[in-house]
Structures are given as C-alpha cells and as structure tokens.
2 protein chains.
Amino acid sequence: MIAMTWELEFNAPNMDDSEPATEIRVLVVDDHPSMRMGLVALINGQRGMTVVAEACDGEEAIEVYEDTRPDIVLMDLRMPGMGGVEAILALRKIDPAVNVIILSTYDWDEDIHLAIQSGAKSYLLKDTSVEEIADTVRRVHGGDAAIPGQVSQRLAERSQRQQLTERERDVVELLIKGRSNKEIACSLFISEETVKSHLKTLFAKLGVRDRTEAAIAAIRHGIVHLD
Amino acid sequence: MIAMTWELEFNAPNMDDSEPATEIRVLVVDDHPSMRMGLVALINGQRGMTVVAEACDGEEAIEVYEDTRPDIVLMDLRMPGMGGVEAILALRKIDPAVNVIILSTYDWDEDIHLAIQSGAKSYLLKDTSVEEIADTVRRVHGGDAAIPGQVSQRLAERSQRQQLTERERDVVELLIKGRSNKEIACSLFISEETVKSHLKTLFAKLGVRDRTEAAIAAIRHGIVHLD
DNA sequence: ACAGCCATCACCCATCCGGGGGATTTGGCG
DNA sequence: CGCCAAATCCCCCGGATGGGTGATGGCTGT
C-alpha cells in the first residue's frame with residue numbers, strides 16, 4: 001500500500017531526467033515473503049531497474065512472465081511445488097532468450113550445475129551483497145553470464161568428480177532413505193548383487209568407503225534432497 | 001534511499017494522531033543482505049514499529065544491542081560465527097528481559113527447542129507472511145510468547161521422542177562423519193563394545209534400524225548439522 | 001540405603017556389508 | 001563392424017554391523 005503510493009507520486013512528475021528511458025524490468029520470484037520484499041526493495045532502490053512483478057513459486061512465475069515479459073527473472077532455486085530448475089526450463093520454452101538469475105541459499109555443486117545447465121545466466125548465494133546482486137542484474141541484462149568465483153569454483157569441483165549414472169542416482173535415492181541392499185534391490189526390481197555392484201562404483205565416484213558416508217556426501221553435494 | 005524519503009515525509013507532518021508516542025524499536029539480525037533489507041522494509045512499512053539498527057551476525061548483534069537497547073530483536077538462527085542460540089544467551093546476560101524473535105529457514109525440531117529453551121520468545125519460519133511477522137513483533141512486545149501452530153507442533157513431536165544423552169550425541173556426531181565403530185571408539189577413548197552399546201540405545205530412541213538411517217534422522221531433526 | 005539412569009565393557013551370533021574377482025547383454029558411436 | 005560404457009548378475013570371503021543379555025561402577029534424588 002505504501003509502495004504503491006510512492007510509485008504513483010514518483011512516476012507522475014518524472015523529476016529525474018538522468019533516468020534512462022528504458023529501465024531493466026525485473027520479475028522477483030521467492031517463496032519467502034520477507035525475502036521477496038527485500039529483493040523488491042533492493043531492485044527498486046537501484047536506479048535503472050524496477051520490479052514489474054512478483055511470484056512466490058514456479059507456476060506463478062510462468063503465468064506472470066507471460067503477462068509482463070520482464071528483462072530479468074531473479075528467482076530462488078528451492079521453492080515448494082515447481083522448483084527453480086523446472087521453472088527455468090518452462091520459461092525457456094516460452095522465451096528462449098529469458099534471463100534468469102538464481103538466488104539460492106545453498107552452494108551445493110549439483111544445484112549450481114543443474115541451474116546453469118538449465119539455462120540460468122547466473123547463480124548467486126543469498127549472502128551476496130546488495131551491490132553485487134544489482135551489478136549482476138545489470139551484467140546479465142547486458143548479455144554477460146556473471147558467475148561469482150565461489151560458485152564457479154564449486155562447478156569446477158563438480159566437474160572433477162565422476163558423474164553418477166541414472167541407476168546410481170536411483171540407488172543413492174533409496175540409500176538416503178536408510179534402505180538395505182535387499183530393500184533397494186526389491187524396489188528397483190534388480191538382484192541384490194546388482195545393487196552391491198552399483199554401490200561399489202558409487203563409493204568409488206564419491207570417494208567414500210561405506211553407505212553412511214555415501215549418504216552424507218550425496219546430501220552435501222546436493223545430489224539428493226532431504227525435503 | 002527511497003524508504004528514507006518516505007519516512008521523512010511521513011514523520012514530519014505527523015498527520016495521524018492515533019499513532020503511539022513510542023514506537024516498537026526493532027533490531028534486525030541476518031547474515032543475508034537481501035533478507036535483512038526485506039525485514040527492514042517490512043518493519044518500517046508497519047506503523048508502530050521501526051528498525052533502529054541492523055547486524056549481520058551474533059557478535060555484531062550484541063554490540064549493537066548494548067548501544068541501542070531495542071524492544072525486539074528479530075534474528076536469524078543460523079549465522080556464520082556466533083549462531084543464534086549463543087547470541088540469545090549472550091543477550092540475556094546483558095538484558096534478562098530481552099525479547100528475541102527467531103526467524104529461521106528450518107523447522108528442525110531441535111533448532112526450535114534450543115531457541116525457545118535459550119529464551120527466544122517466538123520462532124517463525126521464513127515463509128511466514130509479512131502480516132504475521134509484524135503481528136508477532138507486536139504480540140511479543142506486548143509480553144506474549146507467540147509461537148505458530150506448525151512450530152509448536154514440531155516442539156511437541158520432539159518431546160515425544162526420548163532425548164539423547166551427551167555421549168549419544170558424541171557418537172552421532174562422529175556417525176555423520178561416516179566413521180566406523182572402531183574409529184568412533186578410538187576418537188572417544190572407549191571400547192568398540194561401548195560404541196555398539198550407545199548405538200543400540202540411539203537406534204531405539206530415533207526409531208531406526210541402522211547407522212545410515214540414524215545419520216539421516218539426526219540431520220532431519222537438527223540434532224547434528226552438516227556445515 | 002535404595003532405585004534409576006548413565007557410561008562402560010563383555011560375549012554370542014546371525015546377518016549385512018564391502019572388496020576382490022569375473023561374466024553377460026544392451027545400446028550407442030565412430 | 002568393433003569399441004565402450006552401463007546395467008545386470010554371479011561367487012568368495014573377511015570383517016563390520018546390529019540384536020540379545022548381562023554385568024559393573026558412579027552419580028543423583030528420595
């Protein structure tokens with residue numbers, strides 16, 4: 001209500017003629033109301049950019065994107081319902097040139113990889129300064145892919161590691177549920193020997209010795225989620 | 001900058017005489033700049049309350065608290081360096097009547113318990129609406145302990161569970177590092193049989209069958225942290 | 001003094017797990 | 001077509017793990 005009042009008063013007179021004719025139009029997507037409020041304040045507090053819409057999850061983001069066609073989507077990765085990755089892919093179907101900046105709490109390398117691979121132009125952590133977030137918005141709008149050092153380092157770490165196969169991910173998924181080899185075998189309709197075989201390569205790839213270490217490592221890397 | 005302009009205009013004429021003479025003075029503590037910005041905007045956007053200071057971690061919160069003596073401390077629980085729990089305890093040493101509201105991303109029951117037990121007057125999740133956060137600030141300032149249903153439910157769940165002893169926590173701490181029984185025994189200077197003994201009671205208390213399940217359960221409850 | 005909880009350790013034993021081999025089939029890719 | 005990675009399965013085996021049962025000493029509260 002207060003923001004609206006201000007916006008009307010500000011837009012009507014247009015007292016600042018150094019303001020560029022076309023501002024960077026930003027869509028803010030985050031399921032935490034206070035965080036969303038912070039991002040809106042952050043963007044609107046910067047000259048040359050303005051929040052044109054907000055959404056609290058992936059579905060809403062897509063709806064709103066079609067209506068407003070913003071220049072930049074500033075989005076959380078972990079959201080209830082449709083997550084960030086699915087949202088990026090859906091947005092790219094609508095507009096292949098969409099500029100998504102992910103703003104995440106976590107620096108799990110798998111999360112970063114998936115976001116970037118899905119087409120995010122940047123991946124920032126939530127402890128990023130106001131200036132750097134604003135700067136990234138400008139850089140991405142200018143066509144760059146602005147990835148901070150800490151984040152790209154994680155990405156490099158991931159590329160060092162041997163990637164898990166689909167089946168190995170199936171196994172690790174059940175592993176973190178505390179399932180025994182026999183139970184995993186049963187769930188995947190394969191023999192227990194095959195499970196052990198997958199586990200062997202899995203341990204090697206993650207650089208661990210047993211299932212407990214593997215479970216922890218998988219969580220730490222963001223390969224599986226605890227939700 | 002925009003918020004300041006508005007505040008000046010609003011405060012100067014004082015057109016609303018239903019406004020209380022003394023506003024609720026709030027200290028906002030969060031390590032994420034954009035979240036801090038959101039909370040500041042949220043509080044300052046409410047009538048009857050105002051942000052008098054900000055801090056980005058526990059240490060700074062204590063310094064700033066002594067200078068400003070706010071009515072309410074709105075604080076994140078997980079922060080680098082001194083965490084929320086230590087910060088609450090330290091603040092209570094300075095001022096036993098301090099009103100701390102924890103605003104956390106996680107609803108781990110152990111986190112909630114520790115925060116409340118340390119003396120937090122409320123525990124809100126970050127997906128709480130702006131209205132409810134503001135309302136909680138007012139309620140806590142009025143002397144209530146406003147705990148949302150979802151959170152108190154978690155607290156109830158925890159009280160159902162048998163509490164871990166100190167030694168059991170030691171064991172689980174090493175367990176989530178992927179240590180074997182022998183290694184745990186070695187680290188704690190006890191026999192392997194004793195470790196197995198602790199694990200037995202640990203499994204029973206957590207309602208699990210093996211070490212991997214125990215590790216996951218401990219993480220899910222917030223008994224141990226992955227940091 | 002006695003009960004109750006905790007930490008410590010011991011023994012037995014069935015089962016599970018992980019490391020070491022190796023084999024087969026399937027599908028893709030050059 | 002040959003090569004290779006992936007998925008499937010098999011065997012062996014020593015050591016780790018977890019369940020059961022019990023004992024001892026220390027500390028606490030009544």
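Quick note on labels: first sequence line is chain A, next is B, and so on, each numbered from 1. These figures come from a predicted structure and were not determined experimentally.
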| field | Minimal non-hydrogen separation, B/Pro80 against B/Asp57, with atom names | value |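 Looks like O-CB, 3.9 Å.
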| task | Might you point out which heavy atoms bring B/Ala214 and B/Leu206 nearest each other, and give the distance in Å? | result |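 Where B/Ala214 meets B/Leu206 most closely, the heavy atoms are O-CD1, 3.9 Å.
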| Letter per nucleotide, 5' to 3', of nucleotides 20-29 of chain C [B base touched, S only sugar-phosphate touched, - untouched; heavy atoms, 4.0 Å] | BB--------
| request: Decide, yes or no, whether a salt bridge links A/Arg161 with A/Asp109 under the criterion of side-chain N to carboxylate O below 4.0 Å. | output: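 Answer for the salt bridge query: yes.
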| Looking at B/Glu183 and A/Arg209, does any basic side-chain N land under 4.0 Å from a carboxylate oxygen? |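 A salt bridge links B/Glu183 with A/Arg209.
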Distance-only, no hydrogens or angles: does the [X] side chain make a donor-acceptor pair with backbone N or O of [Y] under 3.5 Å?
X        : Y        : answer
B/Arg36  : B/Cys56  : no
A/Thr136 : A/Glu132 : yes
B/Asp144 : B/Ala146 : no

| message | For B/Ser191, give me all partners under side chain to side chain donor-acceptor pair (under 3.5 Å), at least two apart in sequence or on another chain. | response |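 With neighbours one apart ignored, the set is B/Thr194.
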| request: Indicate whether any N or O donor in one side chain lies under 3.5 Å from an N or O acceptor in the other, for B/Arg158 and B/His113. | output: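 Looking only at side-chain atoms, B/His113 and B/Arg158 do form a donor-acceptor pair, the distance falling under 3.5 Å.
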| Which ones in residues 206-222 of chain B lie close to DNA chain C, meaning a heavy atom under 4.0 Å from one of its atoms? |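 Correct list: empty, so none.
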| field | Contacting residues from residues 160-184 of chain A, given that a heavy atom lies under 4.0 angstrom of DNA chain C | value |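 Those residues whose heavy atoms fall under 4.0 Å from DNA chain C, taken from residues 160-184 of chain A in numerical order, are A/Ser180, A/Asn181, A/Lys182.
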| message | At 4.0 Å (heavy atoms only), tell me whether B/Ser191 reaches a base, stays on the sugar-phosphate, or touches nothing. | response |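 Sugar-phosphate, no base atom in range.
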| task | Would you mind telling me which of A/Ile147, A/Asn99, A/Ile72 makes a side-chain contact (heavy atoms from CB on, under 4.5 Å) with A/Lys121? | result |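 Of the listed options, the one satisfying the test is A/Asn99.
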| task | Sort out for me which residue in A/Thr201, A/Val171, A/Asp170, A/Leu202 forms a side-chain contact (heavy atoms from CB on, under 4.5 Å) with A/Leu164. | result |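 Result: among A/Thr201, A/Val171, A/Asp170, A/Leu202, A/Leu202 is the only option passing the side-chain contact (heavy atoms from CB on, under 4.5 Å) with A/Leu164.
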| query | For the helix from C/dA1-D/dT30 to C/dG30-D/dC1, what angle lies between the axis at the first five pairs and the axis at the last five pairs, to 10 degrees? | reply |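 It works out to 50° between the end axes.
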| Which nucleotide of DNA chain D is the first, and which the last, in the 5' to 3' direction, to come under 4.0 Å of a heavy atom belonging to chain A? |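 Range of nucleotides touched by chain A: D/dA6 to D/dC11.
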| message | Around atom NZ of B/Lys205, are there more than 12 heavy atoms from other residues, nucleotides or ligands closer than 6.0 Å? | response |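 Counting other residues, nucleotides and ligands, NZ of B/Lys205 exceeds 12 neighbours.
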